[in-house]
Amino acid sequence: MVLSNKAKNAMLQGLANTLNAGTNSVLSVYIDTVLAVEIALSNPVELSVTGGVLTFNTPPEAIAIASGIPTHAKILDASGALIADYTAAELVLNKDKIYQGGYVGIQSLTVSI
């Protein structure tokens, strides 16, 4: 099956709507199994939905609670339900290494269909 951009965009807008419901959804960044930082996503989360790509608004930085090299991340909705998993390669933070007590931000975050 090949989806049109209109169909892809509708699906991604549905995802954005899910993340916009309630209080802020979060991006939880891990170092192996240890939670390093939770970044509250902006509401609305979407900067744009076009061409089958959801581009997130850049949220404020957050303070790290652990140090190390990030291995993966999860997006959770306001209720704490898992929405998406990211590998370290898919995650574009403002730093390659996280330091406890330091600020961590997102350079870019997207979801593509």
Side-chain angles (χ1 to χ4, degrees):
M1 170 174 51
V2 177
L3 295 171
S4 69
N5 277 340
K6 183 177 180 180
K8 291 176 186 179
N9 293 344
M11 294 169 81
L12 290 168
Q13 188 60 56
L15 172 61
N17 293 346
T18 297
L19 294 172
N20 289 332
T23 57
N24 289 24
S25 50
V26 297
L27 176 73
S28 299
V29 181
Y30 292 85
I31 299 165
D32 296 319
T33 59
V34 176
L35 177 63
V37 64
E38 279 193 330
I39 300 172
L41 298 176
S42 302
N43 192 337
V45 297
E46 71 274 15
L47 175 63
S48 66
V49 178
T50 184
V53 178
L54 164 61
T55 301
F56 285 75
N57 275 314
T58 304
E61 294 181 335
I63 297 176
I65 56 175
S67 297
I69 297 172
T71 56
H72 65 285
K74 299 177 181 184
I75 292 181
L76 308 173
D77 70 9
S79 72
L82 177 65
I83 300 297
D85 279 311
Y86 285 86
T87 65
E90 297 170 312
L91 191 59
V92 184
L93 299 176
N94 62 349
K95 299 175 177 152
D96 292 337
K97 186 170 182 184
I98 295 173
Y99 295 96
Q100 183 178 5
Y103 284 95
V104 179
I106 298 170
Q107 273 191 313
S108 69
L109 187 62
T110 61
V111 174
S112 301
I113 296 180

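What you see is a predicted model; the values in this text were computed from it and never measured.
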Is a side-chain N or O of D85 found less than 3.5 angstrom from the main chain of K74, in a donor-acceptor match?
-> no
From CG (N17) to CG (L12), nearest 0.5 Å = 11.0 Å
What about M11 and V2, same hydrophobic cluster or not, with Ile/Leu/Val/Met/Phe/Trp/Tyr joined at side-chain heavy-atom distances under 4.5 Å?
-> no
How about N9 and Q13: does a side-chain donor come under 3.5 Å of a side-chain acceptor?
-> no
Which ILVMFWY residues can you reach from L82 by hopping between side chains whose heavy atoms are under 4.5 Å apart?
-> V26, L76
To the nearest 0.5 Å, atom CD1 of I39 lies from atom OG of S28 at 9.0 Å
Are I83 and V45 connected in the hydrophobic side-chain network, where two residues link if heavy atoms are under 4.5 Å apart?
-> yes
Within one Ile-Leu-Val-Met-Phe-Trp-Tyr cluster: L91 and L54, side-chain cutoff 4.5 Å = yes
Rounded to the nearest 0.5 Å, how far does CG of L47 lie from CG of L109?
-> 11.5 Å
Distance from I113 atom CD1 to L3 atom CG, nearest 0.5 Å?
-> 7.0 Å
Smallest heavy-atom separation, I106 atom then P59 atom, equals CD1-CG, 3.7 Å
For N20 and P44, the nearest pair of non-hydrogen atoms, with its separation, is OD1-CA, 3.2 Å
Over all atoms of both residues, closest heavy-atom pair of S67 and Q100 = OG-N, 2.7 Å
Distance from S25 atom OG to L15 atom CG, nearest 0.5 Å?
-> 9.0 Å
Nearest heavy atoms of L93 and Q107, plus distance in Å | O-OE1, 3.4 Å
Spacing of I69 atom CD1 and K95 atom NZ [to the nearest 0.5 Å] = 14.5 Å
State, yes or no, whether a side-chain contact exists between Y103 and V37 at a heavy-atom distance under 4.5 Å.
-> no
When L41 is tested against each of L27, N57, N24 for side-chain contact (heavy atoms from CB on, under 4.5 Å), which residue passes?
-> L27
Any donor-acceptor pair under 3.5 Å from K8 side chain to S112 backbone = no
Shortest non-hydrogen separation from E38 to A62 and the atoms involved | O-CB, 3.4 Å
Can you see which heavy atom on T110 is nearest to which on Y86, and at what distance?
-> O-OH, 2.9 Å
